[in-house]
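Keep in mind it's a predicted model, so treat the numbers as computed, not measured.
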2 protein chains.
Amino acid sequence: MPESPLIGTATDNPPVKGGRREELIVLAASLFEAEGYHQTSMERLAERAGLAKPSLYHYFKSKEEILFEIHLSFIQPLIQRQIRRMELGLRPSQVLLEAVVDHMEVLAEKPGTLRMFFEHHRELGPDRRAQMRENRIRYRRLIEDTITAGVAAGELRPVDPRLTAFALFGMVNWAYKWFHVNGELSPRETAYFLWDLFMRGVQHDGTEAAGPPPPLPSSEPLPELSEQWP
Amino acid sequence: MPESPLIGTATDNPPVKGGRREELIVLAASLFEAEGYHQTSMERLAERAGLAKPSLYHYFKSKEEILFEIHLSFIQPLIQRQIRRMELGLRPSQVLLEAVVDHMEVLAEKPGTLRMFFEHHRELGPDRRAQMRENRIRYRRLIEDTITAGVAAGELRPVDPRLTAFALFGMVNWAYKWFHVNGELSPRETAYFLWDLFMRGVQHDGTEAAGPPPPLPSSEPLPELSEQWP
DNA sequence: TGCCCTCACCCGACCGGTCGGTCGGGCACG
DNA sequence: CGTGCCCGACCGACCGGTCGGGTGAGGGCA
């Protein structure tokens, strides 16, 4: 049984449409990644697909629809997988690690997808944009809930779930800017590095902030620099 | 004495050009933020500036030049301030905090600047893009060096400076996606939250990873989900 | 003081190119 | 003989950028 209609369904919009469509979506993402979304014309995409431009419109109603499908192909499995994981009764920390791994694997397997998702959602029309907004919020809540569960289980110290989720998202999502397939680190290793850093930051501190003292109020910063800050 | 020529200089290109130019740069950034870079025509920008389109070309040679100036107005002060801070002999952790604060303050004071810097650098022409690449790398090295210094000073546990810098950048830079001026947290408070989380993650662990055990090798994840991951 | 020239600043009207998208039709397979 | 798939040719809109010219404040000069 499908999701609530607002959230959107993957490829039921076009009824059957064989695997070619999905190939085109992946191809489009990697082309947009390489040459930029706005810099890539439909003509160019068709060329790379071995088609003429009008043929693309046999598979998609518009360029925006392609962009939207790229979005869906990322967020839908991510949400579903996260839900399943949470149902399995794993430790919250473990759930978080697997979520991070999911992200990093998309990075490796569907080049461009992450960039489109993070940098071009505003180019979607109002309806689709709203739909993606729902999906984003929904996924974020899942992560927040996992964090909250981790706190309740005593795995994490008491933290603000919202801010903490944002921080985790930042660390992980940012990787699309620097992660290279065929780099020294595999997606899984990268995921583990980031997750480990995050977990350490969020664990109970045996010594109650042993390191540098919180300099929040005292650090009115570098007065002689302030004025040259426009 | 100015920087190396490749790195670029702020507003010496146009010789004098009163403060109007800078106003236009800030206005453009906030407009691009609100309506999208490609969705904002020069006509529209002119309108919001109370000018006719040709008048814009009195101040800028092209739309790309505006984009470039937005980039510069962010990265130049950031680099200079970071260099100065490092020369002052503060504790590395303190230097990092101030750097994070810098980011968050730009977010509050120059809306749109961060988004342009992170999402539209690929729209710059080859020369300017290369120039910004230099600046990026340079700034990253400054942060990496600060991290290395922190390790040397015993403030941080031994970590990979490159990966750790990326993680920090992610946490901090991502804030442009969720931070709201007039939200509950000020830029400084937000900076402190993120910095604190980071520092905890990077501190010496008194108990050598007291929390969850590293599940890297064992966690071949959820086989029954794997196949539905395209 | 009055004149003119310069130059920063401004604009209505226009242009050329690009690009998303369409039209009408062709081919082949079940 | 429909239907999935494909295409050459075309169109309309938009947008970055230009052209040629206008205005007025300031400054040198007689």
Side-chain angles (χ1 to χ4, degrees), chain A residues 11-29 31-32 34-71 116 120-129, chain B residues 11-29 31-32 34-71 116 120-129:
Chain A
T11 44
D12 55 7
N13 201 5
V16 208
K17 295 285 174 61
R20 192 73 200 271
R21 205 180 126 98
E22 272 64 42
E23 285 174 32
L24 287 173
I25 294 169
V26 174
L27 173 65
L31 232 193
F32 293 160
E35 310 186 0
Y37 176 69
H38 288 282
Q39 288 70 47
T40 306
S41 64
M42 290 296 271
E43 181 79 48
R44 174 103 178 99
L45 174 57
E47 174 194 320
R48 290 292 299 268
L51 290 175
K53 186 169 61 153
S55 299
L56 285 181
Y57 288 86
H58 175 72
Y59 296 96
F60 308 97
K61 282 223 244 309
S62 64
K63 192 181 185 184
E64 190 214 311
E65 183 175 311
I66 299 180
L67 183 58
F68 181 64
E69 292 292 343
I70 294 174
H71 278 68
M116 293 310 111
H120 292 279
H121 55 110
R122 293 149 102 247
E123 265 100 318
L124 294 172
D127 294 357
R128 288 175 167 145
R129 197 172 160 188
Chain B
T11 45
D12 56 7
N13 202 7
V16 207
K17 294 285 174 59
R20 192 74 200 271
R21 205 181 127 99
E22 274 64 42
E23 283 175 31
L24 286 172
I25 293 169
V26 174
L27 173 65
L31 231 193
F32 293 161
E35 309 187 1
Y37 176 69
H38 288 281
Q39 288 70 47
T40 306
S41 64
M42 291 295 272
E43 182 79 48
R44 173 104 178 98
L45 173 57
E47 174 194 319
R48 289 293 297 269
L51 290 174
K53 186 168 60 152
S55 300
L56 284 181
Y57 289 87
H58 177 72
Y59 296 96
F60 307 97
K61 283 223 242 310
S62 64
K63 191 181 185 183
E64 190 214 312
E65 184 174 310
I66 299 180
L67 184 59
F68 181 64
E69 293 291 342
I70 293 174
H71 278 68
M116 294 309 112
H120 292 280
H121 55 109
R122 292 149 103 249
E123 265 100 315
L124 293 173
D127 294 359
R128 289 177 166 143
R129 196 171 160 188

Engineer: Going by atom types alone, do Glu123(B) and His38(A) pair a side-chain donor with an acceptor below 3.5 Å?
Structural biologist: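 No - no donor-acceptor pair under 3.5 Å links their side chains.
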Engineer: Taking the minimum atom-to-atom distance to the side chain of Tyr59(A), which one of dG17(D), dC5(D), dG20(C) wins?
Structural biologist: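 The answer is dC5(D).
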Engineer: What is the distance, rounded to the nearest whole Å, between atom NE2 of His58(B) and atom P of dG22(D)?
Structural biologist: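 Rounded to whole Å, this separation is 18 Å.
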Engineer: Using a strict cut-off of less than 4.0 Å between a Lys/Arg side-chain nitrogen and an Asp/Glu carboxylate oxygen, indicate whether Glu65(B) and Arg128(B) qualify as a salt bridge.
Structural biologist: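 Looking at Arg128(B) together with Glu65(B), the answer is yes, because their closest N to O distance falls below 4.0 Å.
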Engineer: Has His58(A) got a side-chain atom pairing as donor or acceptor with Pro54(A)'s backbone, closer than 3.5 angstrom?
Structural biologist: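 The answer is no, because no donor-acceptor pair under 3.5 Å joins these two groups.
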Engineer: Quick one: is Ser55(A) getting a side-chain N or O under 4.0 Å of the dC7(D) phosphate, OP1 or OP2?
Structural biologist: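 Checking Ser55(A) against dC7(D): at least one side-chain N or O falls below 4.0 Å of OP1 or OP2.
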Engineer: Can you tell me how far C1' of dC15(D) sits from NE2 of His38(A), to the nearest Å?
Structural biologist: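 Atom NE2 in His38(A) sits about 13 Å away from atom C1' in dC15(D).
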Engineer: Hey, does Ser41(B) reach any base, or is it just sugar-phosphate, or nothing, if we go heavy atoms under 4.0 Å?
Structural biologist: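 Ser41(B): backbone/sugar contact only, no base atoms under 4.0 Å.
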Engineer: To the nearest angstrom, how far is Tyr57(B) atom OH from dG12(C) atom C1'?
Structural biologist: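 Computing the Tyr57(B):OH to dG12(C):C1' distance gives 16 Å.
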Engineer: How close or far is atom P of dG17(C) from atom CE of Met42(B), stated in whole angstroms?
Structural biologist: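 Met42(B) atom CE is separated from dG17(C) atom P by 20 Å.
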Engineer: Can you tell me the distance, in whole Å, between the CD atom of Glu123(B) and the P atom of dG16(D)?
Structural biologist: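 Distance check: Glu123(B) CD to dG16(D) P gives 12 Å.
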Engineer: For Tyr37(A), is the NZ or CZ atom of Lys63(A) found under 6.0 angstrom from the centre of its six-membered ring and inside 45 degrees of the ring axis?
Structural biologist: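 Yes, Lys63(A) and Tyr37(A) form such a contact.
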Engineer: Using a cut-off of strictly less than 4.0 Å between a heavy atom of the residue and any atom of DNA chain C, enumerate the qualifying residues of residues 45-54 of chain B by number.
Structural biologist: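 Contacts with DNA chain C under 4.0 Å: Leu51(B), Ala52(B), Pro54(B).
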Engineer: Give a yes or no on whether a salt bridge exists between Arg21(A) and Glu69(A), defined as a side-chain N under 4.0 angstrom from a carboxylate O.
Structural biologist: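 A salt bridge is present here (some side-chain N lies under 4.0 Å from a carboxylate O).
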Engineer: Starting from P on dG20(C), measure out to CG on Leu67(A) and report it in whole angstrom.
Structural biologist: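 To the nearest whole Å, that distance equals 12 Å.
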Engineer: Report the distance from atom CZ of Arg20(B) to atom P of dC7(C), rounded to the nearest whole Å.
Structural biologist: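 From Arg20(B) CZ to dC7(C) P: 22 Å.
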Engineer: Taking OH from Tyr37(B) and C1' from dG16(D), how many angstroms apart are they, rounded to a whole number?
Structural biologist: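 The answer, rounded to whole Å, is 10 Å.
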Engineer: Among residues at least two apart in sequence or on other chains, which ones pass ring-ring contact (aromatic ring centres under 6.0 Å, His included) with Phe60(B)?
Structural biologist: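 Residues passing ring-ring contact (aromatic ring centres under 6.0 Å, His included) with Phe60(B): none at all.
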